[in-house]
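A quick write-up on the structure given underneath.
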Amino acid sequence: MHLDKLKKGMSTLEQVLAKTNSDIKINVAASETAQSKILRKFRQGFMACLILAAIFTTMALNNIKPLSFPVHLKIYLVAYLILAASWYFILYLKLKRINISTLPPAKLFSKTATIKILVLSGEIFFGIGIAILFTLLIPNMWTYNRLGFWAVISGLVIALIYSIIHLYPKYIKLFRELNSIN
């Protein structure tokens, strides 16, 4: 099954390479729909990060549960969430500036490839940041709050499975549709 997808992708690539820039026609309707869906996901990520940053700022200022979730980790998480919100905002602006209907196909492919790389590098960077947070947080939770420890571990496993099965395939599909050709 993966071999069939690879063959189809290679034949599409061969067709694109065989044509000149004027011969390739972008499916503007599908690309603009994909662009609006990706922009919505970026807005949702931006808003979620800001809301969580506000919640954890309030928790840090009121010193809620200092033993199992120390204040310095809350401050780290707030800084991390503000940085992630900024990253979503930058990605949103970069994608919003792309006018699919007026760009030549080669320029569109180049700009969307840049955004794909930025999304992937952001995911890796913020994944490392979250791993550092949980590396510092889990020993405190194990010592002071065993139920919280198991709840966090269960939540992480569920979130990881959900991301792999549901979220990442949607992103991949949307980015493919962003560059769809007729």
Mutual orientation of the aromatic rings belonging to Phe42 and Tyr88 [parallel < 30°, tilted 30-60°, perpendicular > 60°]: tilted

Not counting sequence neighbours, which residues clear ring pair (Phe, Tyr, Trp, His ring centres under 6.0 Å) with Phe69? List them please. Phe56

For Phe46, ring pair (Phe, Tyr, Trp, His ring centres under 6.0 Å) partners two or more places apart: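 Only Phe89 meet the ring pair (Phe, Tyr, Trp, His ring centres under 6.0 Å) criterion with Phe46.
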
What distance separates [X] [atom1] from [Y] [atom2], expressed to the nearest 0.5 Å?
X      : Y     : atom1 : atom2 : value
Lys107 : Asn99 : NZ    : CG    : 13.5 Å
Leu81  : Leu52 : CG    : CG    : 5.5 Å
Lys96  : Ser36 : NZ    : OG    : 9.0 Å
Leu174 : Ser31 : CG    : OG    : 11.0 Å

Taking atom CZ of Arg43 as the centre, does the number of heavy atoms from other residues, nucleotides or ligands within less than 6.0 Å exceed 12? yes

Run the side-chain donor-acceptor check on residues 154-164: report pairs under 3.5 Å with partners two or more places apart or on a different chain.
{"residue": "Ser154", "atom": "OG", "partner": "Trp150", "partner atom": "O", "Å": "2.8"}
{"residue": "Ser163", "atom": "OG", "partner": "Ala159", "partner atom": "O", "Å": "2.9"}

Do Leu95 and Ile172 sit in the same hydrophobic cluster, where Ile, Leu, Val, Met, Phe, Trp and Tyr count as joined when their side-chain heavy atoms come under 4.5 Å apart?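 Per the 4.5 Å side-chain linkage, Leu95 and Ile172 are not co-clustered.
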
Under a single-linkage definition using a 4.5 Å side-chain heavy-atom cutoff for Ile, Leu, Val, Met, Phe, Trp and Tyr, are Met47 and Leu93 assigned to the same hydrophobic cluster?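 Per the 4.5 Å side-chain linkage, Met47 and Leu93 are co-clustered.
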
Taking ILVMFWY side chains as joined if any heavy atoms are under 4.5 angstrom apart, and letting links pass through other members, which residues group with Ile75?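 In the cluster with Ile75 are Val71.
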
Could you report the tightest heavy-atom contact between [X] and [Y], atom names first, then the distance?
X      : Y      : answer
Ala53  : Val78  : O-CG2, 3.8 Å
Ile98  : Gln35  : O-NE2, 2.9 Å
Ala34  : Glu177 : CB-CB, 3.7 Å
Leu178 : Ile38  : CD2-CD1, 4.2 Å

If a pair satisfies side-chain hydrogen bond (donor to acceptor under 3.5 Å, both in side chains) and one of its residues is in residues 71-81, list it, with sequence neighbours excluded. none

Anything under 3.5 Å between a donor and an acceptor, one on a side chain of residues 116-140, the other on a protein residue two or more places apart or in another chain? List them.
{"residue": "Ser121", "atom": "OG", "partner": "Ile117", "partner atom": "O", "Å": "3.0"}
{"residue": "Ser121", "atom": "OG", "partner": "Leu118", "partner atom": "O", "Å": "3.0"}
{"residue": "Glu123", "atom": "OE1", "partner": "Tyr168", "partner atom": "OH", "Å": "3.3"}
{"residue": "Thr135", "atom": "OG1", "partner": "Ala131", "partner atom": "O", "Å": "2.6"}

